[in-house]
Amino acid sequence: MFNSAHAAEVKINDKLKAAVASDFRSDSNKLRDVYRHPAETLAFFDVKADQTVIELWPGGGWYAEILAPYLAEQGQYVAANFETEPTEDTRQTAYFKSAGEKFEKWVADNKAVVGDVQFVTLNPPVKLNLGADNSADHVLTFRNLHNWAMKGQLEGVFNAAYAVLKEGGTFGVVEHRANPGMAAESGYMEQNQMVELAQKAGFELAASSEVNANPKDTKNYAKGVWTLPPRLALGEEDKQKYLDIGESDRMTLKFIKKAK
């Protein structure tokens, strides 16, 4: 059995508050705090400034903009980045290469603030080594599970997270939450299935938070979750309707690595 935790129940330390409020963050990213609740989410995962944190597929760096400076002095931020040296040339590998290189450049350009960021490549199923076994305090993933699920790679990623975490370490998951029966192609995932998969990998569900929930999200859209902001995949069609709904309803799950 697990506990349901809410934003009011988590204690946000001063250094985390400062990282979230920092002028280093872009204004456009800060505008999304109302939906993504970064301070409350990271406090719920109990991320401390002196720990080693691996973020899976940081993408454009929305959370890296907070985590890397937060960890720069005492801890270690590790980016499990996209594949930047693909062995084949497809539309998807080209996208990953471009996005991964852009993120690497952002890190290099901001080294004075983000510190000594480390990189590993996460390219399932061929590259699933996130670092030395039992070396990380946290593995975090934000809105990525559907990408791996659509390619049948989710179990491998969960196992990789388990391997790299220290005993008692945290696997923190934020993901678009499906209604029962929805396919991963919608961008939404069923919470119970994610819990079961994590437990199969060896994790224990410590707590679940509704901090990133959105009851306005009906989840029945022509272009799946991407219909909602920030993507707004339908363009100007019913744009205000989707802006009024806001970003997706999200599960926020805190798993702990148990001893085997």
Side-chain angles (χ1 to χ4, degrees), residues 7 12 15-45 47 49 51 53-72 75-82 84 95-111 113-115 117-120 122 138-148 157 161 170-177 187-189 209 211-214 217 225-233 242-243 246-254:
I12 304 168
K15 192 163 187 176
L16 179 55
K17 288 179 184 177
V20 171
S22 172
D23 290 339
F24 176 66
R25 298 184 64 208
S26 69
D27 291 340
S28 60
N29 282 350
K30 284 184 176 182
L31 285 173
R32 296 182 65 196
D33 287 0
V34 65
Y35 300 115
R36 303 196 70 178
H37 310 98
E40 294 86 353
T41 299
L42 294 174
F44 172 69
F45 292 145
V47 177
Q51 294 178 318
V53 180
I54 302 173
E55 184 184 0
L56 307 185
W57 280 8
W62 198 94
Y63 259 100
E65 206 175 53
I66 299 167
L67 282 167
Y70 177 60
L71 299 164
Q76 180 65 63
Y77 175 76
V78 181
N81 199 20
F82 294 133
T84 58
Y95 168 80
F96 285 154
K97 183 178 190 295
S98 175
E101 288 177 343
K102 184 177 180 180
F103 182 74
E104 288 177 346
K105 184 178 186 304
W106 174 83
V107 168
D109 289 347
N110 293 283
K111 188 174 178 61
V113 179
V114 303
V117 170
Q118 293 183 4
F119 285 89
V120 295
L122 175 60
H138 300 273
V139 174
L140 306 179
T141 177
F142 303 98
R143 300 157 46 249
N144 283 314
L145 301 189
H146 57 280
N147 294 306
W148 301 313
V157 173
T170 298
F171 182 35
V173 171
V174 177
E175 176 61 311
H176 313 294
R177 179 164 45 195
Y188 294 92
M189 302 294 294
S209 173
V211 66
N212 295 305
N214 180 2
D217 180 8
V225 73
W226 301 281
T227 307
L228 297 177
R231 181 74 68 84
L232 294 169
Y242 299 120
L243 287 172
E247 295 193 19
S248 67
D249 175 48
R250 293 163 188 165
M251 63 180 96
T252 305
L253 308 175
K254 180 181 179 181

**Prompt:** Is a donor on one side and an acceptor on the other found under 3.5 Å between the side chain of His37 and the backbone of Val211?
**Reply:** yes
**Request:** Using atom types as modelled and distance alone, determine if a side-chain donor or acceptor of Asp249 lies under 3.5 Å from a backbone N or O of Asn214.
**Result:** yes
**Request:** Using the test salt bridge (Lys or Arg N to Asp or Glu O under 4.0 Å), find all partners of Arg250 that sit at least two apart in sequence or belong to another chain.
**Result:** Glu247
**Check: Trp57 side chain, Leu122 main-chain N or O, donor-acceptor pair, under 3.5 Å** = yes
**Asked** Are there more than 12 heavy atoms of other residues, nucleotides or ligands under 6.0 Å from atom CZ of Phe24?
**Response** yes
**Message:** Checking the side chain of Asn81 only, and the main-chain atoms of Glu104 only, is there a donor and an acceptor separated by less than 3.5 Å?
**Reply:** no
**Request:** Any chance you could lay out the side-chain contact (heavy atoms from CB on, under 4.5 Å) test for Val174 and Phe45, step after step, and finish with the verdict?
**Result:** CA-CA 11 Å; Val174 177; Phe45 292 145; 4.0 Å; yes
**Message:** Are the side chains of Ile12 and Val20 in contact, using a 4.5 Å heavy-atom criterion?
**Reply:** no
**Asked** Does the side chain of Pro58 come within less than 4.5 Å of Trp106's, by heavy atoms?
**Response** no
**Request:** Determine the minimum heavy-atom distance between Pro38 and Asp33, stating which atoms define it.
**Result:** CG-OD1, 3.6 Å
**Prompt:** Are the side chain of Glu65 and the backbone N or O of Ser26 linked by a donor-acceptor pair below 3.5 Å?
**Reply:** yes
**Asked** Between Leu67 and His138, is a side-chain contact (heavy atoms from CB on, under 4.5 Å) present by the stated rule, with each step listed?
**Response** CA-CA 12 Å; Leu67 282 167; His138 300 273; over 6 Å; no
**Request:** Calculate, to the nearest 0.5 Å, the distance between atoms CZ and OG1 belonging to Phe103 and Thr84 respectively.
**Result:** 12.0 Å
**Prompt:** Do other residues, nucleotides or ligands put more than 12 heavy atoms under 6.0 Å from Lys15 NZ?
**Reply:** yes
**Asked** For the residue pair Tyr63 and Phe142, does the interplanar ring angle fall in the parallel (under 30°), tilted (30 to 60°) or perpendicular (over 60°) class?
**Response** parallel
**Request:** Using modelled atom types only, decide if a donor and an acceptor are shared between the side chain of Trp62 and the backbone of Asn29 within a distance under 3.5 Å.
**Result:** yes
**Message:** With heavy-atom distances below 4.5 Å as the criterion, would you say the side chains of Arg143 and His176 are in contact?
**Reply:** yes
**Request:** Indicate yes or no: at least one non-hydrogen side-chain atom of Leu71 is less than 4.5 angstrom from one of Val117.
**Result:** no
**Request:** Kindly indicate whether the side chain of Val107, heavy atoms from C-beta on, has any atom under 4.5 Å from the side chain of Tyr77.
**Result:** no
**Prompt:** Are Lys97 and Glu101 ion-paired here, with the side-chain N under 4.0 Å from a carboxylate O?
**Reply:** yes
**Prompt:** Are any non-hydrogen side-chain atoms of Val47 and Leu16 less than 4.5 angstrom apart?
**Reply:** no
**Prompt:** Would you say the side chain of Asp23 lies within less than 4.5 Å of the side chain of Lys30, judging by non-hydrogen atoms?
**Reply:** yes
**Asked** Would you find more than 12 non-hydrogen atoms of other residues, nucleotides or ligands less than 6.0 Å from Asp27 atom CG?
**Response** no
**Message:** Quick one: does any side-chain atom of Glu175 pair with a main-chain N or O of His146 as donor and acceptor, under 3.5 Å?
**Reply:** yes
**Prompt:** How far does CD1 of Ile66 sit from OG1 of Thr41, to the nearest 0.5 angstrom?
**Reply:** 9.0 Å
**Request:** Using a 4.5 Å cut-off on heavy atoms from C-beta on, say whether the side chain of Val157 contacts that of Thr141.
**Result:** no
